Asker: 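Quick one: the structure is below, and I'll ask about it shortly.
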Amino acid sequence: MSRLSHHTPSPPLLSQLAVGDAALAARLERDLRLTAEALRRYVTDAAPADVAEVVLYLFADAAKRLRPLLVLLGAEFGTDRPGADRSGAEAPTAGRRDIIDAAVVAEMIHVASLYHDDVIDQATTRRGSASANARWGNANAVRAGNWLLAKAAWISAGLGLTAVSLHAEAAEALVSGQLVELLGPEEDAASISHYLTVAAGKSATLISTSLRLGAILAGAPEAAVAAVGDYGTHLGIAFQISDDLLDVTGDPTRLGKEPGKDLALGVASLPILLALADRGPSAEEFRALLGQPSLRRHALTLLRRSDAMDAARTMLEERLVRARSALAALPRSPSRTVLDALCDVVARRDH
Ligand code: FPP
Ligand code: MG
């Protein structure tokens, strides 16, 4: 994938988490690698080379893989834990192979939604590189997304009814999140609760189902499945809010895109909604600038200085508090510590 010259790729998520427990770190690293290999094999075994090239295009960024990591971390709370292999050296057990397949499914659904999203948004870039639609056209990008969704459904079917049902829950949430976003709030006063509904559908549900599926496949008790699911819901919403904040304050070389994209595209991000809901004089000025493309830089400067940014940061912190408190229902363990550290990563994200 050829990178845009100004974009600095981010370090792998696992290294940002600084997993303190060596056995857990080795296991996660091994299984993320096995997930990437399995995913690539599923595609290359079933698709002709030119189709495979488009389908695999968005998987090239090794820094991501949040959802597979969450499947693996969810599995750590099971009784049928990741095999006897604690060194990370031996081959994974059959149960572990299912968990790796679940990680593949989570990543396939996520990436399928990105192929479709970039067509809908007419995006020209994704993660600092040309988007698939910009490179191969809309039809090929949609086909790649469809291929991934269909393959993910087959793999889920091999994992059993629970996996199929969680897969369906995630796909339905993604699609209805997009539709609810398109329809907009019923009234202006409901804009923040509408935003949260959209964020739950587009971001949080797949994050929550990834954790739950890993936990269920590993035989975790019901209370642990519920706890990782709740944690995922709050983390997912926090993740979306941090995305919105980055769009206002982010460094283009780290982000791989120019800040202010939400303003330019008329996206109802949380800081923008909070600024619009404010009744102060600078909010008035902000509102007046919104429809004027030539004054967008000024609108972004005003937004950066507005109280809306602090209010959005507070909402982000509140979500992270809720995510962390969901973790309290889980036994203390190195994997619980990693989930906690993930909240820190979201809190200090710069890309
Ligand atoms: C990114 O949002 C978009 C999503 C997270 C999900 C989009 C969902 C669909 C297109 C429905 C289709 C779903 C499936 C399962 C194929 P964004 O545009 O706000 O953020 P961006 O800056 O990453 O584009
Ligand atoms: Mg988009």
Side-chain angles (χ1 to χ4, degrees), residues 4 7 10 54-55 58 61 63-64 66-67 70 104-134 138-156 164 166-184 194-210 232-233 235-248 250 252 254-273 312 349 351:
L4 300 181
H7 181 231
S10 36
V54 187
V55 169
L58 284 187
D61 188 344
K64 292 282 171 176
L66 168 66
R67 289 145 195 89
L70 293 175
V104 169
V105 167
E107 189 69 351
M108 282 184 167
I109 297 174
H110 170 58
V111 171
S113 80
L114 298 183
Y115 279 100
H116 287 186
D117 181 68
D118 283 345
V119 170
I120 294 168
D121 290 352
Q122 300 176 30
T124 53
T125 61
R126 163 72 58 192
R127 297 175 182 167
S129 298
S131 60
N133 46 304
N138 285 347
N140 286 319
V142 169
R143 283 184 197 115
N146 288 349
W147 193 98
L148 285 166
L149 271 186
K151 182 52 90 178
W154 267 114
I155 302 171
S156 291
V164 172
L166 285 171
H167 175 161
E169 181 184 336
E172 199 267 347
L174 279 164
V175 173
S176 60
Q178 267 255 324
L179 280 175
V180 171
E181 183 176 36
L182 184 73
L183 294 173
H194 175 263
Y195 169 89
L196 292 172
T197 306
V198 172
K202 280 177 55 181
S203 304
T205 304
L206 182 56
I207 288 182
S208 171
T209 56
S210 299
T233 301
L235 184 85
I237 291 173
F239 203 79
Q240 183 58 53
I241 299 176
S242 69
D243 240 27
D244 290 4
L245 284 164
L246 278 175
D247 187 70
V248 182
R254 304 283 294 136
L255 275 184
K257 61 180 183 184
E258 290 301 319
K261 214 176 134 213
D262 289 343
L263 262 182
L265 295 172
V267 171
S269 76
L270 187 61
I272 294 173
L273 290 174
R349 259 180 92 190
H351 55 271

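Because the structure is predicted, anything quoted here is derived from the model rather than measured. Counting starts at 1 for both ligands and their atoms, in listed order.
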Asker: I'd like to know if Arg126 pairs up with Asp118 as an ion pair, taking the criterion as any Lys NZ or Arg NE/NH1/NH2 lying under 4.0 Å from an Asp or Glu carboxylate oxygen.
Answerer: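 Result for this pair is yes, salt bridge flagged.
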
Asker: Any donor-acceptor pair under 3.5 Å linking the side-chain atoms of Gln178 with those of Asp117?
Answerer: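 A donor-acceptor contact under 3.5 Å links the two side chains.
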
Asker: Below 4.5 Å, heavy atoms only, C-beta onward: do Leu149 and Met108 meet side chain to side chain?
Answerer: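 The answer is no; the side chains never approach within 4.5 Å.
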
Asker: For Leu270, does its backbone N or O pair with a side-chain atom of Asp244 as donor and acceptor, under 3.5 Å?
Answerer: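 Indeed, once roles are kept as given, a pair shorter than 3.5 Å links the two residues.
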
Asker: I'd like the atom pairs linking ligand 1 to the protein - N or O on both sides, separation under 3.5 Å - with distances to 0.1 Å.
Answerer:
unit_1   : atom_1 : unit_2 : atom_2 : d
ligand 1 : 2 (O)  : Lys202 : NZ     : 3.2
ligand 1 : 18 (O) : Asp117 : OD1    : 3.3
ligand 1 : 18 (O) : Asp117 : OD2    : 2.9
ligand 1 : 18 (O) : Asp121 : OD2    : 2.8
ligand 1 : 19 (O) : Lys202 : NZ     : 3.0
ligand 1 : 23 (O) : Arg126 : NH1    : 2.8
ligand 1 : 23 (O) : Arg126 : NH2    : 3.4
ligand 1 : 24 (O) : Asp117 : OD2    : 2.8
ligand 1 : 24 (O) : Arg126 : NH2    : 3.0

Asker: Are a donor atom and an acceptor atom from the side chains of Tyr115 and Asn133 found within less than 3.5 Å of each other?
Answerer: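 No donor-acceptor contact under 3.5 Å links the two side chains.
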
Asker: Using atom types as modelled and distance alone, determine if a side-chain donor or acceptor of Thr209 lies under 3.5 Å from a backbone N or O of Leu206.
Answerer: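 Checked: pair present.
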
Asker: Between Val119 and His116, is any pair of side-chain heavy atoms under 4.5 Å apart?
Answerer: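 With C-beta onward as the side chain, the pair stays apart.
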
Asker: Quick one: how many protein N/O/S atoms are under 2.8 Å away from the Mg ion (ligand 2)?
Answerer: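 Number of qualifying protein atoms: 2.
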
Asker: Is any side-chain heavy atom of Lys151 closer than 4.5 Å to one of Val105?
Answerer: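 Side-chain contact under 4.5 Å: no.
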
Asker: Evaluate side chain to side chain donor-acceptor pair (under 3.5 Å) for Arg143 paired with Asn140, printing each intermediate quantity in order.
Answerer: CA-CA 5 Å; Arg143 283 184 197 115; Asn140 286 319; 2.7 Å; yes

